[in-house]
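Note sheet for the following structure.
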Amino acid sequence: MKATYMFGAGDVRIETVADPVIQQPTDAIVRVTRACICGSDLHPYHSMPASEQGTPMGHELIGVVEETGRDVSTLKKGDFVIAPFAYSDNTCAFCRDGFQTSCPHGGFYGNTEVGGMQAELQRIPQADGSLVVVPGTVDEALYPSLLTLSDVYLTGYHAAHMGRVSSGATVTVIGDGAVGLSAVLASRQLGAERIILMGRHASRTDLGVEFGATDVVAERGDEGIAKVMDLTGGEGSHIVLEAVGHLPAYEQAYGIVRPGGTISRVGVPQYEEAPIGFGSLFGKNITLTGGPAPVRAYLEQAIPLVLDCTIDPGRVFDRTVGIDDVPAGYAAMDAREALKVLVAF
């Protein structure tokens, strides 16, 4: 099969590798229908050390079950499924609490042990706990939106959920990438009264307005903080959803959050040390939350919203490529010529 590997910063190649096989009785093999490139894939695209082996890439897919291990009981060949970006047993204490990304029997894709989802076939460990079947005959026009439930839309939803977005809230979303735009859409679904989107790419923020943003702030840093404070009458935002992952975005978040408010982070942090003291969080009684989105916890409630067209998060995809053109897709996203690239098989 063909699969995407990264051999170092900026070095993405399509390799022909052996088809995956059932390794454990709880595995399934899925033939990929749609995959995509994630904004978080750009972090290694900028910084991965060169290697001869390469790293398989991708963690988002929808597809059709080809084969199941002998212990798999809820899936059968031919089922159309969504695979969350992390696999889990969905039965352990953490999974039952709704935090499947902390499952002790789970893990993440994009490594040589499990493989990556920007490929024609993918082995899914803990298949019963991980894969969710989409019922009925699925309209191909809904594929992009269903694919966002593998990660990007439900990561935005997780930001809003952990931030406790509710009716009447003022929410500020930092970042106009696909996750940030998804956080706007999710905040609107949860009833936010005002949604301020911080981003400076008009084609993206225009979509954010269509998703529900009431205000757009293009400024960054101190200027951006001042603009949000002005928009909120000097009070700040009840909830800040940080969808970037870089330290300046976090600093912007604690600069604009209202006393007693919440910062919810889902941008994968590219730092380990950050201010949490009196001048940043403590002095204003700020709650800091967020983390890797347990999208498996939200899938069953989200699928019907896509199937009945209540939400259309697949609009974040603005370019489609085949497997051979995935390297060009990475380059386009890195150059901000594409918001999010869909891979069609």
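By convention here, the first residue in the shown sequence is residue 1. This structure is a prediction, so every number in the text was calculated from the model and none was measured.
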| message | Looking at every heavy atom in both Val316 and Leu181, which two are closest together, and how far apart are they? | response | CG1-CB, 4.4 Å
| request: Report the C-alpha distance between Arg258 and Glu235 in whole Å, list the side-chain angles of each, state the deciding distance to 0.1 Å, and finish with yes or no for salt bridge (charged side-chain N to carboxylate O under 4.0 Å, His left out). | output: CA-CA 6 Å; Arg258 176 190 180 110; Glu235 295 180 352; 2.8 Å; yes
| field | Gap separating the OH atom of Tyr330 from the CG atom of Asp11, nearest 0.5 angstrom | value | 11.5 Å
| field | Straight-line distance of Leu339 CG to Asp318 CG, nearest 0.5 Å | value | 5.0 Å
| task | Report the distance from atom OH of Tyr5 to atom CD of Gln53, rounding to the nearest 0.5 Å. | result | 8.0 Å
| field | Close side-chain approach of Phe317 and Tyr143, heavy atoms under 4.5 Å | value | no
| query | Which pair of non-hydrogen atoms, one from Val244 and one from Ala249, has the smallest distance, and what is that distance? | reply | CB-CB, 3.7 Å
| Counting only N and O atoms by type, is there a donor-acceptor contact under 3.5 Å from the side chain of Ser237 to the main-chain atoms of Thr172? | yes
| message | Tell me whether the count of non-hydrogen atoms from other residues, nucleotides or ligands lying under 6.0 Å of CD in Gln301 goes above 12. | response | yes
| said: Would the distance check show the side chain of Thr170 and the main-chain N or O of His238 forming a donor-acceptor pair, the cut-off being under 3.5 Å? | reply: no
| query | Are any non-hydrogen side-chain atoms of Ser40 and His59 less than 4.5 angstrom apart? | reply | yes
| said: Restricting to non-hydrogen atoms, name the atom on Met48 and the atom on Phe7 that form the minimum distance, rounded to 0.1 Å. | reply: SD-C, 4.5 Å
| request: Please tell me if the side chains of Pro84 and Ser150 come closer than 4.5 Å, counting only heavy atoms from C-beta onward. | output: no
| request: Show the numbers, then the answer: is there a side chain to side chain donor-acceptor pair (under 3.5 Å) between Ser88 and Asn90? | output: CA-CA 5 Å; Ser88 61; Asn90 208 36; 4.8 Å; no
| Rounded to the nearest 0.5 Å, how far does CZ of Arg188 lie from CD1 of Ile195? | 4.0 Å
| request: List the steps and the verdict of ring-ring contact (aromatic ring centres under 6.0 Å, His included) for Tyr254 and Phe282. | output: CA-CA 10 Å; Tyr254 68 71; Phe282 187 84; over 10 Å; no
| task | Quick one: closest heavy-atom pair of Gly199 and Val216, and the distance? | result | O-CG1, 4.0 Å
| request: Tell me, please, which residues at least two apart from Tyr87 pass side chain to side chain donor-acceptor pair (under 3.5 Å). | output: none
| query | Side-chain contact, heavy-atom cut-off 4.5 Å: Val217 with Leu197? | reply | no
| request: Kindly say whether Glu242 contributes a backbone atom to a donor-acceptor pair with the side chain of Tyr250 at under 3.5 angstrom? | output: no
| query | What about Val268 and Phe85, same hydrophobic cluster or not, with Ile/Leu/Val/Met/Phe/Trp/Tyr joined at side-chain heavy-atom distances under 4.5 Å? | reply | no
| Just by distance, do the side chain of Ser182 and the backbone of Gly156 share a donor-acceptor pair under 3.5 Å? | no
| query | Do Ile29 and Val65 come close enough that some side-chain heavy atom pair is under 4.5 Å? | reply | no
| task | Nearest 0.5 Å please: distance from the CD1 atom of Ile256 over to the CE atom of Met198. | result | 5.0 Å
| Can you tell me if CD1 on Ile276 sees more than 12 non-hydrogen neighbours from other groups inside 6.0 Å? | no
| query | Crowded around Phe94 CZ? As in, over 12 foreign heavy atoms under 6.0 Å? | reply | no
| field | CG (Asp97) with more than 12 external heavy atoms under 6.0 Å | value | yes
| message | Check for me, please, whether Val32 and Ile124 land in the same ILVMFWY cluster - side-chain distances under 4.5 Å, paths through other members count. | response | yes
| query | If you round to the nearest 0.5 Å, how far is CG of Leu131 from CZ of Arg296? | reply | 9.0 Å
| Within the side chain of Asp176, is there an N or O that forms a donor-acceptor pair under 3.5 Å with the backbone of Arg204? | no
| request: State, yes or no, whether a side-chain contact exists between Arg34 and Leu146 at a heavy-atom distance under 4.5 Å. | output: no
| field | Candidates Thr33, Thr4, Val326, Leu147 - the one meeting side-chain contact (heavy atoms from CB on, under 4.5 Å) with Val343 | value | Val326
| query | Is the number of heavy atoms from other residues, nucleotides or ligands under 6.0 Å of Tyr271 OH greater than 12? | reply | yes
| Is the centre of the Phe211 ring less than 6.0 Å from the centre of the Tyr153 ring? | no
| request: Go through the steps to decide whether Ile22 and Glu67 satisfy the test side chain to side chain contact (heavy atoms under 4.5 Å, CB included), and finish with yes or no. | output: CA-CA 8 Å; Ile22 298 291; Glu67 184 182 359; 3.6 Å; yes
| field | Linked, directly or transitively: Ile225 and Leu247 (ILVMFWY side chains, under 4.5 Å) | value | yes
| message | Looking only at the side chains, is there a donor atom on one of Asp71 and Thr26 sitting less than 3.5 Å from an acceptor on the other? | response | no
| said: If I compare all heavy atoms of Ala86 with all of Thr101, which pair ends up nearest, and what's the gap? | reply: CB-CG2, 4.0 Å
| task | Using a cut-off of 6.0 Å, state whether more than 12 heavy atoms not belonging to Arg220 lie near its atom CZ. | result | no
| request: Test salt bridge (charged side-chain N to carboxylate O under 4.0 Å, His left out) on Arg315 and Glu210 and set out the steps. | output: CA-CA 10 Å; Arg315 295 178 66 194; Glu210 294 181 40; 2.3 Å; yes
| N/O donor-acceptor pair under 3.5 Å between Asp27 side chain and Gln24 backbone | yes
| request: Please confirm whether the backbone N or O of Val114 pairs with a side-chain atom of Gln122, one donor and one acceptor, at under 3.5 Å? | output: yes
| task | Please check if the side chain of Ser51 supplies one atom and the backbone of Gly54 the other of a donor-acceptor pair under 3.5 Å. | result | yes
| query | Is there a donor-acceptor contact under 3.5 Å from the side chain of Thr148 to the main chain of Pro313? | reply | no
| Testing Val81, Leu142, Asp79, Leu307 for side-chain contact (heavy atoms from CB on, under 4.5 Å) with Val134, which one passes? | Leu307
| field | Val30 side chain near Val64 side chain, heavy-atom distance below 4.5 Å | value | no
| Quick one: do Ile14 and Met117 end up in the same hydrophobic cluster if we chain Ile, Leu, Val, Met, Phe, Trp and Tyr together by side-chain heavy atoms under 4.5 Å apart? | yes
| Between Tyr157 and Tyr298, is a ring-ring contact (aromatic ring centres under 6.0 Å, His included) present by the stated rule, with each step listed? | CA-CA 9 Å; Tyr157 178 87; Tyr298 310 129; 5.0 Å; yes
| said: How close do Ser187 and Ala160 get, counting heavy atoms only, and between which atoms? | reply: OG-CB, 3.9 Å
| message | Exactly one of Leu342, Ile37, Val341 should register a side-chain contact (heavy atoms from CB on, under 4.5 Å) with Val321. Which one does? | response | Val341
| said: Checking the side chain of Arg96 only, and the main-chain atoms of Thr91 only, is there a donor and an acceptor separated by less than 3.5 Å? | reply: yes
| query | So Glu60 and Lys340, salt bridge (charged side-chain N to carboxylate O under 4.0 Å, His left out) or not? Walk me through it. | reply | CA-CA 12 Å; Glu60 301 157 273; Lys340 190 167 177 68; 3.3 Å; yes
| said: Please tell me whether Leu185 and Val306 are part of a single hydrophobic cluster in this structure, the criterion being side-chain heavy atoms less than 4.5 Å apart. | reply: yes
| query | If we only count heavy atoms from C-beta on, is the Glu337 to Arg319 side-chain gap below 4.5 Å? | reply | yes
